[in-house]
Amino acid sequence: MNALSESGLRAIFIANRDKLLRFLTAHGAGDAAEDLLQELWIRVSTGPTAPVAHPLSYLYRAANNLMLDRYRSTQQAARRDGEWVETQTTAPGISDGPSTERGLIAREQLRLAEQAIEALGPRAATAFRRHRVDGVPQKVIARELDVSLSTVEADLRKAYAAMIELRRMLDEA
Amino acid sequence: MTDTRNMAEDAALGWIVRLRDLDFDDWEGFEAWLAADPGNATAYHRLADAERRLDPLLPPAPATPLVMPPLPAPRRPRLRPIFAFGAAAAAAVAAILSVRAMWGAPDLYEIRTRPGEQREVALAGGSSIRLNGATVLRLDRDNPRFAALDRGEAMFAVRHDASHPFTVRLGEDKLVDLGTRFDIVRTADRTEVSVAEGAVLYNPNGERVRLQAGDALRIADGRATAMRGRIVPDQVGAWRAGRFVYDGDPLSRVTADLARYTGARIALDPALEHRTFRGVISVPGTRDLVELGPLLNARVRRTADGWLISPH
């Protein structure tokens with residue numbers, strides 16, 4: 001049923017095999033690079049979605065996600081080995097239990113996040129909300145705020161740094 | 001040394017920001033930066049991993065009104081009344097439609113679930129549909145790339161095939177997949193589409209609204225209101241695991257979801273209809289609905305034929 005698009009994707013995968021392998025290696029895949037390339041193909045060929053517009057970019061993005069997933073599972077394994085109790089069993093931030101206490105913690109975290117965004121100043125806060133929450137591209141944000149693309153990127157770096165710092169702080173709390 | 005690390009972190013943030021744009025294509029530039037120093041990949045992984053877990057800290061994007069001109073009346077007049085009827089009348093209309101379908105070309109058959117019953121339907125070609133309770137779905141014996149959701153809720157996992165797009169008929173409206181997983185809820189007065197993965201096209205011959213992963217479309221009151229909103233893709237179809245995620249939704253909706261999923265009759269005191277709820281309800285842990293009381297900040301008690309949720 002999916003033969004056409006799948007064989008098309010396979011051809012692009014094979015033609016760009018070396019490039020993708022280099023990309024995984026640059027990510028620090030080391031000896032596992034070949035295995036990871038296999039895993040990448042299994043992922044993209046069995047996933048329910050097929051790329052619509054830019055198949056090579058799609059493969060690169062899937063490779064990038066694969067390396068980030070690998071990082072995540074290594075972190076989780078390390079954490080389990082420690083004395084941590086895993087509470088995030090399903091979607092990140094969504095606990096299985098309906099406890100009011102967890103709801104309060106989540107609300108408190110949202111409040112802290114809101115404060116951190118406000119603390120960026122109005123322009124960076126707007127840029128961050130448009131980019132990260134609404135999914136608007138930088139170019140469009142630059143037009144909306146009537147500033148240069150490099151100003152938007154500088155604002156976004158600052159904003160992402162602050163939010164990532166908050167995420168890490170809450171992880172450790 | 002500290003300076004080098006900060007430089008790597010600052011550059012990593014730049015890549016995180018740029019990679020979020022969907023049309024990012026400087027993969028070789030990104031690779032060159034990663035390869036330049038092992039510390040770069042380390043910094044990138046640590047920061048990008050945290051960035052991917054920001055969602056629970058961020059509000060879903062506020063729903064924005066979407067311009068949806070009403071369809072020209074003469075286009076498919078026979079199907080139009082379905083929006084205007086109550087649940088019972090809608091079922092009657094659905095029955096008439098089924099009869100009509102027997103005369104027409106498509107060989108449609110109906111799948112119904114009782115309240116509280118969930119069912120998985122596998123279609124030829126690798127697609128599948130998970131039906132929530134109290135749902136009426138029609139499929140075509142001759143065409144595994146078609147479904148009509150008459151009422152209830154269903155999560156679709158569609159295997160993409162550009163030459164045979166999968167179509168879901170929603171009354172007079174139509175949804176065409178562009179390779180995807182998505183959830184649809186249909187009640188007498190509301191249709192809601194949430195996309196978990198890939199993309200769908202709503203009314204390809206009319207408004208042509210393209211919805212991508214993380215997009216939701218809500219059409220209510222006939223076609224008077226159409227809203228486009230953002231949702232967290234991971235949470236789409238969470239009901240399949242008995243999990244319900246709300247972000248300021250009215251209790252009337254929470255109780256409708258729980259009734260559909262559990263099969264329990266749940267009455268809501270009118271005084272609470274518009275109260276909103278934000279949080280997560282996990283049903284396997286709360287078959288005894290009394291446990292919901294503290295969570296909803298309301299009184300939950302058994303009645304002769306079900307449950308009543310009322311103010312304290």
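So that the names make sense, note that chain A is the first sequence line, chain B the second, and so on, each numbered from 1.
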A:R70, part contacting chain B, at a heavy-atom distance under 4.5 Å
neither
Considering all heavy atoms of both residues, which atom of B:A50 and which atom of A:R167 are nearest to each other, and what is their separation?
O-CG, 3.6 Å
Between B:R18 and A:E153, does at least one N-O distance fall below 4.0 Å, as a salt bridge requires?
yes
Greatest number of heavy atom pairs closer than 4.5 Å to chain B - which of A:T25, A:I117, A:L156:
A:L156
A:N65 portion near chain B, given a 4.5 angstrom heavy-atom threshold:
both
Taking 4.0 angstrom as the limit, do A:D69 and B:R52 come out as a salt bridge?
yes
What orientation do B:W27 and A:F23 show, parallel under 30°, tilted 30 to 60°, or perpendicular over 60°?
perpendicular
Would you mind checking which part of B:F24 comes under 4.5 Å of any heavy atom in chain A, side chain (CB onward), backbone (N, CA, C, O), both or neither?
both
Which one of A:Q138, A:R111, A:K158 has the most heavy-atom pairs closer than 4.5 Å to chain B?
A:Q138
Interface moiety of A:K19 toward chain B, non-hydrogen atoms closer than 4.5 Å:
both
Would the number of heavy atoms belonging to other residues, nucleotides or ligands and lying under 6.0 Å from CD of A:E118 be above 12?
yes
Salt-bridge criterion met for B:D21 and A:K139 (N-O under 4.0 Å):
no
Closest-packed option against chain A by number of heavy-atom pairs under 4.5 Å, given B:T42, B:L47, B:D25, B:D177:
B:L47
Other residues, nucleotides, ligands: >12 heavy atoms within 6.0 Å of B:R208 CZ
no
Side chain from CB out, backbone as N, CA, C, O: work out which of these in A:L112 comes under 4.5 Å of a heavy atom of chain B, or both, or neither.
neither
Examine whether an atom of A:R129 lies under 4.5 Å from a heavy atom of chain B, and if so say whether it belongs to the side chain, the backbone or both; otherwise answer neither.
neither
Check whether A:R22 gets within reach of chain B through its side chain, its backbone, both or neither, counting any heavy atom under 4.5 Å.
both
Can you confirm whether A:I164 sits close enough to B:L13 that some side-chain heavy atom of one is under 4.5 Å from a side-chain heavy atom of the other?
yes
Can you tell me which portion of B:A213 sits under 4.5 Å from chain A's heavy atoms? Options are side chain, backbone, both or neither.
neither
So how far is it from A:F128 CZ to B:L58 CG, rounded to the nearest 0.5 Å?
5.0 Å
Per-residue tally against chain B (heavy atom, under 4.5 Å) across A:A161, A:A26, A:A63 peaks at A:A26
Honestly, the part of A:Y71 sitting under 4.5 Å from a heavy atom of chain B is side chain
What part of A:R168 is in contact with chain B, defined as an atom under 4.5 angstrom from a non-hydrogen atom: side chain, backbone, both or neither?
side chain
Residue part contacting chain A, namely of B:L54, when any heavy atom lies under 4.5 Å:
both
At their closest point, which heavy atom of B:L57 faces which heavy atom of A:L166, and how far apart are they?
CD1-CD2, 4.2 Å
Lys/Arg-Asp/Glu bridge criterion (N-O < 4.0 Å) met for B:D55, A:R132:
yes
Specify which of B:G14, B:A12, B:A35 makes the most heavy-atom pairs with chain A at under 4.5 Å.
B:G14
Student check: side-chain heavy atoms of B:R53 and A:R72 closer than 4.5 Å:
yes
Is the closest side-chain donor-acceptor distance between A:N64 and B:Y44 under 3.5 Å?
yes
Aromatic plane relationship, B:F30 with A:H27 - under 30° parallel, 30 to 60° tilted, over 60° perpendicular:
perpendicular
